[in-house]
Structures are given as structure tokens and as C-alpha cells.
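To keep things clear, I will list the structure first and then write my remarks on it.
What you see below is based on every heavy atom in this structure, not just the backbone, and it leaves out hydrogens, waters and symmetry mates.
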Amino acid sequence: MMLGVLLARAGVATVVLEKHGDFLRDFRGDTVHPSTLDVMGDLGWLEDFLALPHQEVRQLSARVGKVELTLADFTHVPTRCKFIALMPQWDFLTFLAARGRRYGTFDLRMRTAATDSIEENGRVVGVRASGPEGPLEVRADLVVAADGRHSTMRAPGGFVSDDLGAPMDVLWMRLPRLPSDAFQALGRVERGKILVTLDRGTYWQCAYVIPKGGFDAVRAAGIDALRAQLAEIAPFLADRLGAIASWDDVSLLTVRVDRLRTWWKPGLLCIGDAAHAMSPVGGVGINMAVQDAVAAANILAAPLRAGGLTDDDLARVQRRREWPTRVIQSVQVFIGNRVIGRVLGAKGPIAAPAILDAFQRLPLLRTLPAWLVGVGVRPEHPRTPELVPPSVAEPPVLMAKSSLGGTE
């Protein structure tokens, strides 16, 4: 969606295909980091964006055993916004769609799913899709696969990926947040257990980390056993665990960290999780995808507008974004193997790594992880000009109750 808007405003006719009829689904990737907020500021959209309901997180903390530690502090990060904004991804997508619809070059087709690519003479020239009126073809100078780790373009495109490994999976749940609830540490770590709680205003978004492939064993133990484990690691939630009535209230995220060796082929480019599936460590996935989109727009807008796109242009996108992806994935794999994996397999008491003690004694050190998570190693800024003036007034963002809870 971000790439579509940036290309459209730069004068490139763009079609975005969205297989669902709306955006009201629980994406879970709802952390909008300072790097993404800077992109919104660069485009002049930040004030309107932050007018949407959101929560602001300026520090990340964790309780390791009985000790509470501050892990990251965003208040000194050199960005416009010195916080992470927690905002439902459906609001983010609706906001971007509304911006895109201001341009006559932007065509968003809902309930339209790409099913396969169209190749002619060794080049991708479009996609086959299924829409409200049945099968259709969309011809294009470039197809961008931005449909996540299960991209429909990966296997048919012959892309080869390297699995970097992940020692955990994650169970996502929602639990009511009471007005009397005080601030809670983002993460809670006990022997064999890790729970992350995100304050979403009216509810706690909870991520319970389990060993890789361990969901069948958790499920076999029963929902009462899961509730008991959550009550043990987060006693303040004990009085509302009845909200997890059945396994229907639990979503499994099978964690995968991988990266395509080549992100493109003639006429086709993969970005975001379609090119590099990220671990949930640091919550950076959506922000890495946005960075990919900005870099792709910066590099591709001019050749697309001129009708002179080359394979080297696509390779330039990968060269621009592969190094920061490798850095962040390496950190995620290290934390996964050296910290999360050890905690989940621990048989005795656990203690925080010594470096975290230094973070407590020297608060400025907390800026380093905040910078890595919130900004990254190569932040992107939009360089595409607004060549197409908005042709229609921006439609209002609808505010309505969804079946997912909360107000959008």
C-alpha cells in the first residue's frame, strides 16, 4: 500500500490488489516505529496520522524474575517522534488507502487476489487474479509481491530462500484491560516462560512465547493449563483469563526467519516479508516492509514513469535493502538462539545478562537498542516528487466498531 501510494503520487499508474473486502483483521503487527513516523513526516502526513487512535511507548522494559529492567529508551533517538506508536494496522492501511485515492493514478481493487504471474518471453508481464466478477488479468510493467511470507509469487517464481532458524513460536491472545491497571512491563521472563503484553487501551495484546513446534503439546495439555501458565507469569491477569474461553481465542504465529537469495526476476520484485520473513523480536517487520517500499519507490519511480525499467533497477532495490535486512535478521537470530531459546529450555533460575545491568547504571546506553529497533541501520526517506496533484478530496476516515474490539 505504501509503495502504491508513493508511485502514484510520482506519476506512475499503479494498481494495488487486496484479496479481502476490508482491512478489519487482527494483523498483530501494530507497532509503528520512529523510522516509519519519520516517513509520514517527510510526506507531510504525520499530524493527520497521529490524530488516529494510538498509544505511545517511550521505553521498553522487562521483568526478569523479580527484577524489572529498562531495555530501550526512545526519548533520545534522533527522530521526529521519540516513541513507538501502537496503532491497529487496519487503521494504518485505511489511512494509506485514503491518501492513495486522492490520485487518479492510484487504483485499489478490493476483494481481488493475485493467483499467479503471467510470463512471456522469460519476463513477468502481469498477474492472473480472482475478483468480484470472476477471473481477470492485470498487465503491468512491474509486478511487486508484497503479500508476506506465504507469497503466492514465491514458489511459482522459482525463488530460493535460506531458512535462518527460529527457536520459538508465539501464541497471540487478547485480554481485557481494566481502568485500574497500572503500567506493566512489556516483557515478563521466567524459567521456561516468556510473555509480552502490549497496552492497547481497552485490552492487553498478549504474546506467549513457546518452543518451536510446541503448540500441539500446549494444546494437548488443555486451555486450563494455558491459563494457569499465564497466571503464574503475570498474576495481574489472573482475574480475567476467562476471556480465553477456547482455542478459538488463541492464534498461533509460526515464527520463521528467512531471506530470498534473489529478490527479483525480470518484471517481478519481492519486498517486505515476501523477500525476507522477520522474527517478531523487536516488532520491526512492518517497519522493514515500509522501508523496502520507500527505497523501491525512490529507485523505480523515474524508470517506470519513463517506460525504461531494467533488471538492474530491480537489483538496485535488493542491493539497497539487503544489507540492513541482514543486520536486523542477524540480531534477531542471535537473540532468538542465545536468549529466548535458553530461557525456554531453562531448568533452573534465570538471571538477566550482565549487559542489562550496565543499561540500568548508564541510562544513555538504552538509546542503542532504541536506535536499532526504532530507526535501524539504513533508514529510508521518500525522494519521490508529488508530480500528480491530488485530484479528489481525501475521503474521511470512517470510525466504527469492529468485531475485533475497540474503535477504528
Under the salt bridge (Lys or Arg N to Asp or Glu O under 4.0 Å) criterion, do Asp258 and Arg154 qualify, and how do the steps go?
-> CA-CA 12 Å; Asp258 69 17; Arg154 265 193 175 197; 3.1 Å; yes
SB check Asp42 Arg80 (cutoff 4.0 Å) | yes
Judged by modelled atom types alone, do His54 and Asp91 share a side-chain donor-acceptor pair under 3.5 Å?
-> no
Which of Asp48, Leu46, Leu50 passes side chain to side chain contact (heavy atoms under 4.5 Å, CB included) with Met40? Answer is Leu46
Determine whether Phe49 and Val32 make a side-chain contact, defined as any pair of heavy atoms from C-beta on separated by less than 4.5 Å.
-> yes
Please report the shortest heavy-atom distance between Gly21 and Arg111, naming the atom on each side.
-> CA-CG, 3.4 Å
Charged N to carboxylate O below 4.0 Å: is that the case for Glu119 and Lys265?
-> yes
Do Thr152 and Asp147 get their side chains close enough for a donor-acceptor pair, meaning under 3.5 Å?
-> yes
Only one of Leu6, Ile299, Thr384 passes side chain to side chain contact (heavy atoms under 4.5 Å, CB included) with Val294, and that residue is Leu6
State yes or no: are the ring centers of Trp371 and His76 separated by less than 6.0 Å?
-> no
Should the pair Asp216-Arg219 be classified as a salt bridge under the 4.0 Å nitrogen-to-oxygen rule?
-> no
State, to 0.1 Å, how close Cys270 and Ala275 come at their nearest heavy-atom pair, and which atoms those are.
-> O-CB, 3.5 Å
Flag, side chain of Glu380 to backbone of Val39, donor-acceptor distance under 3.5 Å | no
Check for a donor-acceptor pair, side chain of Arg320 on one end and backbone N or O of Asp292 on the other, with a separation under 3.5 Å.
-> no
Residue among Asp313, Val125, Leu309 satisfying side chain to side chain contact (heavy atoms under 4.5 Å, CB included) with Leu142 | Leu309
Apply side-chain contact (heavy atoms from CB on, under 4.5 Å) to the pair Val209 and Val255, showing each step before the final yes or no.
-> CA-CA 10 Å; Val209 182; Val255 176; over 6 Å; no
Would you mind reporting whether Leu186 and Val196 have side-chain heavy atoms less than 4.5 Å apart?
-> yes
Pairwise side-chain contact, Ile244 with Leu230, heavy-atom cut-off 4.5 Å (strictly under) = yes
Rounded to the nearest 0.5 angstrom, the OG-CG distance for Ser330 and Leu164 is 7.5 Å
Under-4.0 Å salt bridge between Asp162 and Arg259 | no
State whether the side chain of Asp169 and the backbone N or O of Gly213 hold a donor-acceptor pair below 3.5 Å, judged by distance alone.
-> yes
Flag this pair as yes if the NZ/CZ of Arg174 is under 6.0 angstrom from the six-membered ring centre of Tyr203 and inside a 45 degree cone about the axis; otherwise no.
-> yes
Gln360 side chain to Thr70 main-chain N or O, any donor-acceptor pair under 3.5 Å?
-> yes
Scanning both residues in full, the closest heavy-atom pair of Ser279 with Val257 reads CB-CG2, 3.5 Å
In plain terms, say whether Glu120 and Arg139 are close enough for a salt bridge, that is, a side-chain N and a carboxylate O under 4.0 Å apart.
-> yes
For Arg9 and Thr105, which heavy atoms make the closest approach, and how far apart are they?
-> N-OG1, 4.5 Å
Kindly indicate, with the supporting measurements, whether the criterion side-chain contact (heavy atoms from CB on, under 4.5 Å) is fulfilled by Phe23 and Gln89.
-> CA-CA 8 Å; Phe23 303 122; Gln89 198 171 137; over 6 Å; no
State plainly whether the residues Glu56 and Arg58 are in salt-bridge range, i.e. N to O under 4.0 Å.
-> yes
Is there a donor-acceptor pair closer than 3.5 Å between any side-chain N or O of Arg177 and the backbone N or O of Asp181?
-> yes
Side-chain (Asp141) to main-chain (Leu304) donor-acceptor, under 3.5 angstrom | no
Does a side-chain heavy-atom distance below 4.5 Å link Leu300 with Leu269?
-> yes
Can you check salt bridge (Lys or Arg N to Asp or Glu O under 4.0 Å) on Glu322 and Arg326, steps first, answer last?
-> CA-CA 6 Å; Glu322 185 171 21; Arg326 284 177 176 271; 3.3 Å; yes
Within a strict 4.5 Å, meaning less than it, do heavy atoms of the Asp38 and Cys81 side chains meet?
-> no
Are the charged groups of Asp30 and Arg200 less than 4.0 angstrom apart, N to O?
-> yes
Electrostatic pair Asp312-Arg319, nearest N-O below 4.0 angstrom = yes
Would you call Arg123-Asp311 a salt bridge at under 4.0 Å N-O?
-> yes
Using only heavy-atom distances, determine whether the side chains of Thr36 and Asn287 contain a donor-acceptor pair under 3.5 Å.
-> yes
Evaluate the side-chain proximity of Phe83 to Leu37: yes if any heavy-atom separation is below 4.5 Å, no if none is.
-> yes
Hey, does the side chain of His33 reach the backbone of Gly283 with a donor-acceptor pair shorter than 3.5 angstrom?
-> yes
Atom CG of Asp22 and atom NE2 of His20: how far apart are they, to the nearest 0.5 Å?
-> 8.5 Å
Does Gln332 reach the main-chain N or O of Val281 with its side chain, forming a donor-acceptor pair under 3.5 Å?
-> yes
Does any N or O in the side chain of Arg149 come within less than 3.5 Å of the main-chain N or O of Ala274, such that one atom is a donor and the other an acceptor?
-> no
Is a side-chain N or O of Arg321 found less than 3.5 angstrom from the main chain of Arg378, in a donor-acceptor match?
-> yes
Does any non-hydrogen side-chain atom of Met278 lie less than 4.5 Å from one of Val284?
-> yes
Does Phe95 have its ring centroid less than 6.0 Å away from the ring centroid of Trp90?
-> no
About how many Å separate OG of Ser151 and CG of Asp273, when rounded to the nearest 0.5 Å?
-> 10.5 Å
Please say whether more than 12 non-hydrogen atoms of neighbouring residues, nucleotides or ligands are located less than 6.0 Å from NZ in Lys19.
-> no
side-chain contact (heavy atoms from CB on, under 4.5 Å) assessment of Trp172 paired with Val250 = CA-CA 6 Å; Trp172 285 96; Val250 180; over 6 Å; no
For residues Gly131 and Thr112, report the shortest heavy-atom separation together with the two atoms involved.
-> CA-OG1, 4.0 Å
Can the ring centres of Trp264 and Phe159 be said to be less than 6.0 Å apart?
-> no
Is there a salt bridge (Lys or Arg N to Asp or Glu O under 4.0 Å) between Glu18 and Arg109 once you walk through the steps?
-> CA-CA 6 Å; Glu18 165 56 50; Arg109 303 187 188 183; over 6 Å; no
Give the intermediate values and the outcome of side-chain contact (heavy atoms from CB on, under 4.5 Å) for residues Leu96 and Trp45.
-> CA-CA 10 Å; Leu96 291 178; Trp45 301 347; 4.0 Å; yes
For residues Gln55 and Asp199, is any side-chain donor paired with an opposing acceptor at under 3.5 Å?
-> no
Is the closest side-chain heavy-atom distance between Trp204 and Met173 below 4.5 Å?
-> no
Which pair of heavy atoms, one from Ser161 and one from Leu260, lies closest together, and at what distance?
-> CB-CD2, 3.7 Å
Mind checking the CG-CD1 spacing from Asp249 to Ile223? Nearest 0.5 Å is all I need.
-> 7.5 Å
